[in-house]
Amino acid sequence: MRIIALICLLTFSVQAEKPSFKKWKMPLALGIASGLTYNPFAKQIQTKIVAPGRITHLDDYLQYGPAAMYVGLNIAEFKSKEEAFDQAGVFLLGTGIYVATTQGLKAAITEARPDGTEKTFSSGHTATAFFGATVLAHEYRDSHPEFVIAGYALATATGALRIANNKHWVTDVLMGSAIGIASAELAYLLYPKVRHQWQKLNRFTLTPQVAPAYYGASMSIGF
């Protein structure tokens with residue numbers, strides 16, 4: 001199944017338009033690194049370096065940091081490259097992609113975590129964090145690069161804490177980050193086509209809901 005995950009990442013890059021291939025270099029590199037660190041020797045080293053037990057629950061919250069920054073910037077009305085409608089559509093599509101991928105891999109691979117519990121591969125926390133950071137980078141890398149740097153710093157910290165807390169092996173975290181980044185890139189690639197098809201059918205409506213206390217979207221489908 002790990003080989004299949006790598007093949008999927010490679011397939012995504014092949015399907016991407018050639019001028020955009022550079023966007024796929026990082027998830028591909030992370031996916032390959034995940035494969036290289038999937039071995040008993042790497043696990044043995046991690047077991048010796050990382051102290052047993054969980055040191056903090058901070059990673060449970062940090063994973064949402066980049067996405068929270070993205071939502072906060074939109075609420076604060078910073079100028080963005082995408083309209084609110086398209087931003088919500090890309091975010092929802094990408095979220096569906098990475099959640100389906102990580103949960104599918106967890107269901108298919110029954111390998112134990114460092115702490116002995118099940119479903120270690122791949123890291124959903126890390127995928128969530130890097131997905132949010134990549135969406136943040138797409139929208140604000142030119143106007144607010146400091147937020148982009150902070151987003152990736154939070155994502156990296158999330159992955160590091162998953163290892164430090166004995167919740168994931170290094171290979172799990174590397175693949176989780178690859179999935180998160182690839183899901184965001186794939187969402188930006190596919191969303192225009194998905195929206196076009198739905199508009200042709202004239203059955204789908206996605207309306208962003210933005211208020212000081214929340215950010216979301218309402219969806220309706222006509223029959």
Side-chain angles (χ1 to χ4, degrees), residues 1-13 24-68 91 93-136 151-187:
M1 289 300 299
R2 294 171 186 266
I3 298 299
I4 293 176
L6 286 172
I7 292 174
C8 287
L9 285 174
L10 182 59
T11 301
F12 291 161
S13 68
W24 297 90
K25 290 181 179 179
M26 183 56 70
L28 281 172
L30 290 167
I32 292 171
S34 174
L36 293 175
T37 53
Y38 176 58
N39 59 75
F41 181 65
K43 291 183 177 182
Q44 196 174 48
I45 293 176
Q46 180 176 332
T47 302
K48 290 181 179 180
I49 294 176
V50 180
R54 182 163 191 167
I55 60 174
T56 179
H57 288 274
L58 189 60
D59 47 328
D60 290 334
Y61 307 100
L62 281 183
Q63 63 172 320
Y64 302 114
F91 195 89
L93 177 60
T95 298
I97 293 171
Y98 86 77
V99 169
T101 303
T102 54
Q103 294 306 310
L105 288 171
K106 287 179 182 292
I109 299 174
T110 58
E111 192 168 339
R113 300 172 186 260
D115 64 2
T117 56
E118 296 180 346
K119 299 180 179 180
T120 186
F121 189 81
S122 58
S123 174
H125 282 62
T126 311
T128 298
F130 274 92
F131 169 76
T134 305
V135 171
L136 185 66
Y152 279 115
L154 288 174
T156 302
T158 299
L161 285 176
R162 296 307 283 170
I163 296 171
N165 284 328
N166 287 290
K167 300 304 293 183
H168 283 291
W169 303 104
V170 171
T171 181
D172 308 329
V173 169
L174 290 171
M175 184 56 75
S177 59
I179 291 171
I181 297 171
S183 296
E185 297 294 354
L186 191 61

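As the structure is a computational prediction, the values presented were derived from the model and not from experiment.
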Gap between atom [atom2] of [Y] and atom [atom1] of [X] - 0.5 Å precision:
X	Y	atom1	atom2	answer
Leu154	Gln63	CG	CD	11.5 Å
Asn39	Trp169	CG	CH2	11.0 Å
Thr156	Leu161	OG1	CG	11.0 Å
Tyr61	Thr158	OH	OG1	13.0 Å

Margin query: Taking ring-ring contact (aromatic ring centres under 6.0 Å, His included) as the cut-off, I'd like each qualifying pair that reaches into residues 39-60, sequence neighbours left out, listed once.
Written below: none
Least distance between heavy atoms, [X] atom then [Y] atom:
X	Y	value
Gly116	Ala112	O-CB, 4.2 Å
Leu186	Trp24	N-CH2, 3.9 Å
Phe121	Thr171	CE1-O, 4.0 Å
Pro66	Ala155	CG-N, 4.4 Å

Notebook entry, point to check: Okay, side chain of His125, backbone of Gly159: is any donor-acceptor separation there less than 3.5 Å?
Noted result: no
Note to self: Does any part of the side chain of Glu118, heavy atoms only, come nearer than 4.5 Å to the side chain of Arg113, both counted from C-beta?
What the structure shows: no
Note to self: For Lys119, give me all partners under side chain to side chain donor-acceptor pair (under 3.5 Å), at least two apart in sequence or on another chain.
What the structure shows: none
Checklist line | side chain to side chain donor-acceptor pair (under 3.5 Å) against Asn166, all qualifying residues, sequence neighbours excluded | finding: none
Next item on the list: Could you pull out all residues at least two apart from Asp115 that satisfy salt bridge (Lys or Arg N to Asp or Glu O under 4.0 Å)?
Entry: Lys167
Next item on the list: Determine, stepwise, if the pair Asp59 / Arg54 fulfils side-chain contact (heavy atoms from CB on, under 4.5 Å).
Entry: CA-CA 11 Å; Asp59 47 328; Arg54 182 163 191 167; 3.2 Å; yes
Which donor-acceptor pairs under 3.5 Å do side chains of residues 126-136 form with protein atoms, sequence neighbours excluded?
| residue | atom | partner | partner atom | Å |
| --- | --- | --- | --- | --- |
| Thr126 | OG1 | Ser123 | OG | 2.7 |
| Thr128 | OG1 | Tyr98 | OH | 3.2 |
| Thr128 | OG1 | Gly124 | O | 2.9 |
| Thr134 | OG1 | Phe130 | O | 2.7 |
| Thr134 | OG1 | Tyr152 | OH | 3.3 |

List the atom pairs, with distances to 0.1 Å, where a side-chain N or O of residues 173-180 and a protein N or O form a donor-acceptor pair under 3.5 Å, not counting sequence neighbours.
| residue | atom | partner | partner atom | Å |
| --- | --- | --- | --- | --- |
| Ser177 | OG | Val173 | O | 3.3 |
| Ser177 | OG | Leu174 | O | 2.7 |

